[in-house]
Engineer: 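Quick one: the structure is below, and I'll ask about it shortly.
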Amino acid sequence: MELSILFLPLIASIISGFFGRYIGDRNSEIVTSALVSISAILSIIVLYQVIINQYEENIVIATWINSGSLDVNWSMLIDPLSAVMLVVVTSVSALVHIYSIGYMSHDPHKPRFMAYLSLFTFAMLMLVTSDNFIQLFFGWEGVGLCSYFLIGFWFKKESANAAAIKAFVVNRVGDFGFALGIFLVFYLFGTVNYDEVFQQIPTVVDKNLSFLGFEVKAIDLVCLLLFIGAMGKSAQILLHTWLPDAMEGPTPVSALIHAATMVTAGVFLVVRCSPIYEFSPVILNLITVVGMTTAFFAATVALVQTDIKKIIAYSTCSQLGYMFFAAGVGAYNVAMFHLFTHAFFKALLFLGSGSVIHAFKDEQNINNMGGVWRKLPYTYALMIIGTLALTGFPFLSGFYSKDAIIEFAYLKGNTTGYYAAGIGIVTAFLTSVYSWRLIFKTFHGEYNNKEIKIEETHESPLVMLVPLFVLSIGAIFAGVLFKDLFIGHGGENYFWSESIKFLEPLSTDHPPTWFLLLTPSLVILSIPIAYYLFVKNKKLPNEIASMNKPLYNFLVNKWYFDELYEVIFIKSSKKLGIFLWKVCDGTIIDGFGPDGISSFIKKCSIKANKFQSGFIYQYAFVMLLGFSALLTFLIVK
Amino acid sequence: MSFPILSSLILLPTIGALFLFFTKDKDGNNSTAKYVSLFTSIVNFLISIYLWISFDQSISDFQFVEDRLWIEGFINYKVGVDGISILFIILTTFITPLCIISVNNSVKNRLRDFLIAILIMESFMIGVFCALDLVVFYLFFEAGLIPMFLIIGIWGGPKRVYSAFKFFLYTLLGSVLMLVAIISIYWISGTTDVVKLYEIGIDTKYQNLLWLAFFSSFAVKTPMWPVHTWLPDAHVEAPTAGSVLLAAILLKMAGYGFIRFSLGLFPIASEVFTPLIYTLSVIAIIVTSFIALMQEDMKKLIAYSSVAHMGFVTLGIFTLQQQGIEGSIIQMISHGLVSAALFLCVGVVYDRMHSRMINSYGGIVVIIPKYSILFMLFTLAALGLPGTSGFIGEFLILMGAFRDNFLVAVLASLGVILGAAYMLWLYKRVVFGKLVNEDLKQMLDLNKSEYVILTCLAIPTLFFGFYPDPLINTIEVSVSDLINMHNINLASK
């Protein structure tokens with residue numbers, strides 16, 4: 001049963017990918033959706049088993065790489081952590097599969113699309129159920145590949161192709177760190193299997209490595225390198241630039257890959273490696289700082305974007321930042337909890353925005369929308385639920401997870417912790433403002449679209465609304481239902497058992513009441529503020545923008561990261577390539593090497609040619625000269 | 001003595017070639033020549049598979065050894081295989097029939113002569129991989145130049161003469177020193193028998209010079225930076241089948257030579273010169289990747305990427321770690337499959353449009369979807385995606401390198417990022433995007449023979465990516481024995 005969770009999506013992908021042409025579009029859609037749905041149901045059963053019976057197992061499927069002391073298997077590890085991920089991945093994936101039937105109904109390449117989605121699901125499952133770092137890396141690159149395919153799915157669009165390559169290459173930068181991390185793990189522990197590595201941690205805690213003359217603690221270096229990989233995949237600041245561009249892909253892809261599953265792989269990695277990270281307070285602090293910086297940065301950028309999907313993309317980036325700073329303050333279970341709830345409400349928001357885009361016939365600019373809430377009542381209601389959950393409105397899922405993150409940061413009790421909690425609260429407020437801005441600009445105010453008449457906008461078909469509805473249930477109840485299980489305090493049947501390690505148990509104190517009330521009240525307060533700014537007094541935001549032109553430009557241009565990278569990396573790489581090719585290879589190596597030598601020999605032989613002029617008097621003259629020289633030499637001697 | 005299976009592997013293609021030489025082409029379309037050469041090469045492939053099956057993986061000694069007197073007191077014709085050489089033999093016998101099939105589409109004139117060249121070449125290559133006498137090795141190693149020289153010089157593109165001579169002189173010049181070294185080894189040790197030399201070892205004081213002499217030959221053949229500039233020119237001018245043979249097999253002779261001779265015969269010198277190899281390998285990986293990024297000619301791009309991939313190979317060999325050397329061998333096999341396939345992919349579009357320039361393509365995915373899928377697969381294998389054979393090789397090499405030297409591994413890993421960039425950018429510009437060039441619309445998708453060839457290359461690429469055990473098991477004992485021997489030699493220094 002466990003293995004069928006893993007392989008049903010692969011089978012679905014093969015059927016749809018290779019035989020889609022023969023079985024037809026509709027059958028491909030049905031087959032893939034059905035198989036992934038079965039996989040989702042089985043995952044839920046497995047999670048249930050894990051919760052009730054503390055079921056854990058490591059199934060070895062086959063050997064993979066077996067070189068010297070390196071021994072890697074294809075395997076499926078089921079423990080609380082992977083069981084939660086299984087449910088998140090397969091259930092969101094199944095819903096996205098079904099939704100895509102409606103969303104992609106006008107696309108000519110449906111089987112290919114469904115095949116990619118299923119293949120992605122398979123790769124993601126390989127990632128989460130791995131029992132070693134190399135299979136994790138397989139899944140890691142596999143999901144990156146599927147993401148590449150799906151971002152560039154509309155291959156005729158130049159921007160989509162560019163975004164796809166950007167996503168892959170930026171991820172490869174992260175993977176570069178990740179791979180080095182794996183090498184270092186193998187170097188230190190002689191194995192890459194989690195349990196063997198984790199057991200040996202205490203033996204290397206005090207080990208130092210020297211690199212380029214620096215002495216570093218081995219364990220810090222491992223954590224840092226793995227975290228670089230996580231930063232790439234989870235779009236943390238500096239390596240985040242691919243995520244907004246990835247919105248070039250079809251919207252269901254954004255919901256599945258760039259919100260609910262793939263981008264959370266980095267968080268998963270850190271949580272999975274908690275037995276290592278626990279021994280490296282330095283890197284944990286770094287993670288906190290990176291996480292909160294990303295959360296804040298992305299929220300500020302989201303405030304001023306006009307593309308509906310990019311706003312949500314930056315919002316994802318920001319929420320991933322929250323998850324990292326939860327992990328950074330040592331609250332790995334809270335990070336997982338936020339990952340879990342986030343999957344539902346963010347997928348809901350993306351799919352909802354897809355429904356809006358569908359209604360407006362591929363319009364994505366929120367300035368060209370507005371006033372359609374009566375026309376799209378279900379989408380509107382569901383989007384509201386998603387927004388409430390995201391902003392952490394009391395008693396929806398985001399409320400439990402996000403507030404828990406801020407509380408734990410506060411309870412950490414050190415400077416980073418307080419600082420993180422402060423940034424967390426500010427960001428929560430910003431999140432609420434930009435989320436409501438999106439809702440108000442999209443659904444309220446006047447109708448602003450010049451190309452399509454308001455009568456032509458239409459509600460989405462049932463096949464798209466049902467998945468939205470299911471997700472909205474998750475967005476409402478996932479928090480309250482799973483709160484005790486995920487972040488409850490200890491007890492006999494502690495859910496995470498060995499899969500998450502704490503050196504010191506998490507604090508069970510409660511922060512002061514005023515602190516607990518602060519975030520929810522800001523969140524609630526932000527609704528009327530946003531309503532005033534974006535519906536009632538629309539001139540005000542523009543005035544604020546024009547008053548602070550430099551700041552506004554800074555935000556609209558996403559803190560100028562893309563421009564900076566363009567200059568530093570892309571242009572200089574191209575110049576370097578040309579230089580190495582034309583100058584080094586051409587002028588220097590070939591010029592002094594083969595071409596130089598051959599032209600030198602040619603010159604010499606032309607010179608030598610001149611000796612053979614064929615004129616007797618020249619030969620005679622040379623002979624005479626030689627003869628007299630010889631004679632002189634003999635006489636003088 | 002049992003049946004001389006290795007000699008028959010070496011001789012069979014030559015016999016096929018002789019047969020072709022004496023047959024007359026009656027019907028004008030060379031069908032006899034095609035069938036005879038294809039038949040010979042496939043039989044040879046089957047024999048090599050039989051060889052692999054009957055090969056005993058658990059011992060590190062050379063097997064199927066044949067030892068015949070050639071010149072009394074000087075050279076014996078001695079051949080034999082261990083786990084390392086057997087894989088290269090199979091690679092050779094596997095690639096050759098595919099080349100012969102591919103010739104159908106690309107070579108228009110003097111087809112029979114072309115096939116003769118390929119078959120002779122196969123004989124020489126197999127000879128290189130099983131020679132156990134330095135002189136025999138040298139003869140095969142150098143003889144391989146001749147058919148390749150002719151393939152480029154006769155059937156090549158417009159600048160074929162320049163390229164053929166550059167290729168020939170470059171490699172010959174490198175090898176002259178190797179010949180000198182072989183002769184001195186004979187004077188120093190009194191034998192050129194590799195197995196005996198392994199046992200008695202070579203005096204430490206000569207090792208450095210001899211190592212450098214062998215290195216000069218292998219470095220050019222690999223090719224290592226900075227003596228790589230013949231390769232892009234040779235590839236660009238060579239016909240598709242020539243490029244395939246060159247990339248898939250010819251380059252592997254050097255990697256094989258490094259393992260068999262540089263490491264095996266001169267362990268102490270190898271240790272001394274490891275920093276040199278590391279430096280040149282890392283430069284090759286990074287510099288040629290940057291160059292590949294900016295190429296406008298598809299074949300040149302793949303040629304430069306070959307230099308980068310071979311940089312990984314030389315790096316892995318001299319890590320002297322089990323993972324490093326095994327990774328190098330797998331990387332060579334994988335590169336043999338993948339670069340062959342990539343050159344064939346370029347050949348497919350070249351045969352149709354007669355252009356290798358990247359900018360004359362774009363948007364062909366709609367027109368030739370089957371081709372696009374297979375091309376994508378090989379692109380991914382070339383950038384080392386997990387699940388393809390390219391990943392196993394690269395990852396093991398870097399893992400081995402990391403154990404030996406952090407900095408080298410870190411720098412070499414940068415090549416992985418650049419590899420993704422240039423391969424995906426190539427693919428995007430050729431296959432995706434808007435269809436601008438109207439002529440492309442008349443392109444036909446893969447015909448049957450192209451489809452067969454590329455699928456034949458795709459299957460092992462994927463299979464060994466998911467299940468490299470057959471490869472690793474074959475080489476494991478030989479490699480660990482090599483490393484042990486090396487360590488013993490170093491300890492007794």
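Chain letters run A, B, ... following the sequence lines, proteins first, then strands; residues in each count from 1.
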Engineer: Examine distances only and state if a side-chain atom of A:S147 and a backbone atom of A:V143 form a donor-acceptor pair shorter than 3.5 Å.
Structural biologist: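 Pair absent, no side-chain N/O of A:S147 close to backbone of A:V143.
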Engineer: Looking at B:V416, B:V365, B:L293, which one has more heavy-atom pairs under 4.5 Å with chain A than the rest?
Structural biologist: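 Looking at each of B:V416, B:V365, B:L293 in turn, B:V416 comes out on top.
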Engineer: B:F375 vs B:Y371 aromatic rings, parallel, tilted or perpendicular, using cut-offs 30° and 60°?
Structural biologist: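 The arrangement is tilted - the two ring planes meet at 30° to 60°.
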Engineer: Which atoms of B:L383 come close to chain A, meaning under 4.5 Å heavy atom to heavy atom: side chain ones, backbone ones, both, or neither?
Structural biologist: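 B:L383 touches chain A through backbone and side-chain heavy atoms alike.
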Engineer: Tell me, for A:F149 versus chain B, whether the close heavy atoms (under 4.5 Å) come from the side chain, the backbone, both or neither.
Structural biologist: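 For A:F149, the side chain is the part near chain B, not the backbone.
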Engineer: Should B:R429 and B:E296 count as an ion pair when the cut-off is N to O under 4.0 Å?
Structural biologist: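 Answer for the salt bridge query: no.
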Engineer: Does the B:S163 side chain pair with the main chain of B:D233, one donor and one acceptor, at a distance under 3.5 Å?
Structural biologist: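 Side chain of B:S163 to backbone of B:D233, a donor-acceptor pair under 3.5 Å: yes, one is there.
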Engineer: With only heavy atoms counted, which part of A:I588 is less than 4.5 Å from chain B, the side chain, the backbone, both or neither?
Structural biologist: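 Neither part, no heavy atoms under 4.5 Å.
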Engineer: Contact part of A:S598 toward chain B, heavy-atom cut-off under 4.5 Å: side chain, backbone, both or neither?
Structural biologist: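 No part of A:S598 comes within 4.5 Å of chain B.
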Engineer: Is B:L396 close to chain A through its backbone or its side chain, or both, or neither, when contacts mean heavy atoms under 4.5 Å?
Structural biologist: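 Just the side chain, heavy atoms under 4.5 Å.
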Engineer: Where does the angle between the aromatic ring planes of A:F122 and A:F7 fall among parallel (under 30°), tilted (30 to 60°) and perpendicular (over 60°)?
Structural biologist: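 Because their plane-to-plane angle lies in the 30° to 60° range, the rings of A:F122 and A:F7 count as tilted.
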Engineer: Would you mind checking which part of B:W225 comes under 4.5 Å of any heavy atom in chain A, side chain (CB onward), backbone (N, CA, C, O), both or neither?
Structural biologist: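 For B:W225, side-chain heavy atoms alone lie under 4.5 Å from chain A.
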Engineer: Where on A:V192 is there a heavy atom nearer than 4.5 Å to chain B: the side chain, the backbone, both, or neither?
Structural biologist: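 Only the side chain of A:V192 comes within 4.5 Å of chain B.
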Engineer: Could you tell me which of B:Q321, B:E326, B:E476, B:R403 has the largest number of non-hydrogen atom pairs under 4.5 Å with chain A?
Structural biologist: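 Ranked by heavy-atom pairs under 4.5 Å with chain A, first place is B:R403.
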Engineer: What part of B:S480 gets closer than 4.5 Å to chain A, counting heavy atoms only: side chain, backbone, both or neither?
Structural biologist: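 No part of B:S480 comes within 4.5 Å of chain A.
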Engineer: Does any backbone or side-chain atom of B:I472 lie under 4.5 Å from a heavy atom of chain A? Answer side chain, backbone, both or neither.
Structural biologist: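 For B:I472, side-chain heavy atoms alone lie under 4.5 Å from chain A.
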Engineer: Is it the backbone or the side chain of B:L380 that comes under 4.5 Å from a heavy atom of chain A, or both, or neither?
Structural biologist: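 Contact with chain A involves the side chain of B:L380 alone.
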Engineer: Looking only at heavy atoms and a cut-off of under 4.5 Å, which of A:F579, A:F168, A:W154 has the most pairs with chain B?
Structural biologist: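 Most pairs with chain B among the choices: A:F168.
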Engineer: Which one of B:K166, B:Q323, B:K428, B:M376 has the most heavy-atom pairs closer than 4.5 Å to chain A?
Structural biologist: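 The candidate making the most pairs under 4.5 Å is B:Q323.
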Engineer: Just by distance, do the side chain of A:N193 and the backbone of A:N132 share a donor-acceptor pair under 3.5 Å?
Structural biologist: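 No, because the side chain of A:N193 does not come within donor-acceptor range (under 3.5 Å) of the backbone of A:N132.
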Engineer: Just verifying a value: how many Å separate B:I417 CD1 and B:S289 OG, rounded to the nearest 0.5 Å?
Structural biologist: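 Output value for this atom pair is 10.5 Å.
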Engineer: Main chain of A:M126, side chain of A:Q135: is a donor-acceptor contact present, judged purely on distance under 3.5 Å?
Structural biologist: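 Yes, because the side chain of A:Q135 sits within donor-acceptor range (under 3.5 Å) of the backbone of A:M126.
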Engineer: Side chain from CB out, backbone as N, CA, C, O: work out which of these in A:E141 comes under 4.5 Å of a heavy atom of chain B, or both, or neither.
Structural biologist: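 Contact with chain B is through both the backbone and side chain of A:E141.
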Engineer: Looking at B:F466 versus A:F138, is the centre-to-centre ring distance below 6.0 Å?
Structural biologist: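 For B:F466 and A:F138, the ring centres are under 6.0 Å apart.
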Engineer: Determine the interplanar angle of the A:Y116 and A:F153 rings, folded into 0 to 90°, and report it as parallel if under 30°, tilted if 30 to 60°, perpendicular if over 60°.
Structural biologist: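 Perpendicular: the ring planes of A:Y116 and A:F153 meet at over 60°.
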Engineer: Among B:G363, B:P226, B:G419, single out the residue with the greatest number of heavy-atom pairs under 4.5 Å to chain A.
Structural biologist: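 If we count pairs closer than 4.5 Å to chain A, B:P226 comes out on top.
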Engineer: Give, as side chain, backbone, both or neither, the part of A:D175 having an atom under 4.5 angstrom from any heavy atom of chain B.
Structural biologist: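 For A:D175, there is no contact with chain B at all, as no heavy atom is under 4.5 Å.
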Engineer: Report which part of A:I578 has an atom under 4.5 Å of a heavy atom belonging to chain B: side chain, backbone, both, or neither.
Structural biologist: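 Contact with chain B: backbone and side chain both.
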Engineer: Is the gap between the ring centers of A:F183 and B:F395 under 6.0 Å?
Structural biologist: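 Between A:F183 and B:F395, the centre distance is under 6.0 Å.
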Engineer: Could you check which of B:F165, B:Y170, B:W230 has the highest count of heavy-atom pairs closer than 4.5 Å to chain A?
Structural biologist: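 Looking at each option in turn, the highest pair count goes to B:Y170.
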Engineer: Decide yes or no on salt bridge (Lys or Arg N to Asp or Glu O under 4.0 Å) for A:K166 and A:D245, but give the supporting numbers first.
Structural biologist: CA-CA 8 Å; A:K166 186 173 176 185; A:D245 289 24; 2.9 Å; yes
Engineer: Can you tell which of A:V173, A:V169, A:L580 has the highest number of heavy-atom pairs within less than 4.5 Å of chain B?
Structural biologist: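 When all of A:V173, A:V169, A:L580 are compared, A:L580 has the most.
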Engineer: Looking at the rings of A:Y187 and B:F406, which for Trp means the six-membered one, are their centres under 6.0 Å apart?
Structural biologist: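 Yes, ring centres under 6.0 Å apart.
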Engineer: Tell me which of these, A:L180, A:L576, A:I597, has more heavy-atom pairs under 4.5 Å with chain B than the rest.
Structural biologist: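 Among the listed options, the one with the most contacts to chain B is A:L180.
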